[in-house]
Number of protein chains: 2
Amino acid sequence: MRLSSSQENYLKAIYKLEVGDGIATNQSLAALVEATPASVTNMLRKLTEAGWVEYQAYQGATLTPSGRNEAVTLVRKHRLWEVFLVEKLHYDWDAVHSLAEELEHIGGEELINRLDAFLEHPAYDPHGDPIPNAKGVVRIRQHAIAASEAVVGDRFVVCGVKDSSSLFLRHLDKLSICLGKAYTLIDLLEFDQSAVWTEKDSALTSVSNEVAKNVLIQLTDE
Amino acid sequence: MRLSSSQENYLKAIYKLEVGDGIATNQSLAALVEATPASVTNMLRKLTEAGWVEYQAYQGATLTPSGRNEAVTLVRKHRLWEVFLVEKLHYDWDAVHSLAEELEHIGGEELINRLDAFLEHPAYDPHGDPIPNAKGVVRIRQHAIAASEAVVGDRFVVCGVKDSSSLFLRHLDKLSICLGKAYTLIDLLEFDQSAVWTEKDSALTSVSNEVAKNVLIQLTDE
DNA sequence: TTTGGTTTTTAGCTCAGGCTAAAAATTTTA
DNA sequence: TAAAATTTTTAGCCTGAGCTAAAAACCAAA
């Protein structure tokens, strides 16, 4: 049985919650899919009947294996389309989310595997999030920590973001922080916990703690 | 006001009929959008109210300028996605129609213009149909005639098809007829009106009249 | 011009997926 | 543990887009 776009969005939302906090309550789902809790109850009943979701009244929802499979495929589709939009169509990284959200509902395995091959099997999307492979295996990003965890003297490479809202991404653009760039943390200002990063021992970037908390880095050898 | 996928399909169908036979009757529309005439009546009323269509009961439908604009954009989107699927994702030309039908409803001008640029502004889709430009101008295919019009001795290049059903396209594949190939018509068999084509004065292809009627060609200099 | 056939419209129904408002269940707090 | 607050569910309604069956309009031929 084929899922509607709307149903797919619910599966994706449950998946996100499972991966994150753990529990997909009715209300958190409502927020994610932008509907009322009443509508969520309704949809969860249908998805349960169809075998995508395990759900008992007042108990929250979990995905069945096939539901999880479906959700991972959606994440895969979403992230591959984002790569396409940024790499091939030269969209800014803050502008691709909503388009990918539309594209992810198109076609099936065939299309997405061809897209994957065309893009040469990218491992990460433009925000540094890992792209599940064709078998649904999500490669975990190794050793990634928030930039706010770094201490003076650390060398690191920016490898992702926790917040991929347009607002935050455009802010990073203004600081010319982007994925793959290498920095050394040369100072941590006690007053407001802001950090000073150097790039190639020359350009300085001043990073507020609020920003650092949402930037993911990998420490590199001294 | 944004159009739904369904509404877009109606506009495209009316456009097709206008370009072809001329008159978009309720019944012919029903066939094209795969709905009943009753549903068509219903939708035409809505599209008329919204200013996309001119329509009076029992009189058939015509597009308003903005409706036509919308329809041409859809054709553009459809054909550009077909080019993408064939050129970049290496789909066979007989397998792209239904995917393009889904993709054509995604995003707006921005996306399609970027796709157009990425594909380097192709003039024709994989079936040889012309792709309207960003201003909605449809470049007419010059001098194209049906292959069944050719006479013995004519040299020509295959430039399009009238029938782009999977069945027909796969049949052409079997005859290894594809767009851009040059032939000379060396014989016309009176018995069943089938034709014999040579390619580069060596390989022979036998083409039934039924096929020839659906292959578009351009005559070339002797 | 009247009769019959075709096409279109109307009327009323269905289904998916939303919504609100109120009721019920659960959890928290006093 | 009882009251208050929160969350979830139920009930009933709406909209878009389709459907069928029957009525109405139109066209054509006798």
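In what follows, every chain begins at residue 1, and chains take the letters A, B, ... in the order their sequences are listed. Since the model is a prediction, treat every value here as computed from it, not as a measurement.
Residues that satisfy the side chain to side chain donor-acceptor pair (under 3.5 Å) test with B/E101, not counting sequence neighbours, are B/K12, B/H97. For A/S206, the side chain to side chain donor-acceptor pair (under 3.5 Å) criterion is met by no residue, not counting sequence neighbours.
The CD atom of A/E104 sits 11.0 Å away from the CG atom of A/L99 when rounded to the nearest 0.5 Å. In this structure, CD1 in A/I14 is found 11.0 Å from OG1 in A/T25, a value given to the nearest 0.5 Å.
To the nearest angstrom, P of D/dC26 lies 15 Å from CD1 of B/I23. Across the protein-nucleic acid pair, A/L29 atom CG and C/dG18 atom P stand 12 Å apart, rounded to whole Å. Rounded to an integer number of Å, the gap from A/K46 NZ to C/dC15 C1' is 8 Å.
A cation-pi arrangement is present between B/R114 and A/Y91 under the rule of less than 6.0 angstrom and at most 45 degrees off the ring axis.
Side-chain nitrogen and oxygen atoms of A/Y10 include at least one within less than 4.0 Å of the OP1 or OP2 phosphate oxygen of C/dG18. Distances shorter than 4.0 Å separate none of the side-chain N or O atoms of A/S6 from OP1 or OP2 on C/dA16.
Annotation: A/H143, atom NE2; neighbour count of heavy atoms from other residues, nucleotides and ligands within 6.0 Å does not exceed 12.
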Mark up nucleotides 3-14 of chain C, 5' to 3', with B wherever a protein heavy atom is under 4.0 angstrom from a base atom, S wherever such an atom reaches only the sugar-phosphate, and - elsewhere. ----SBBB----

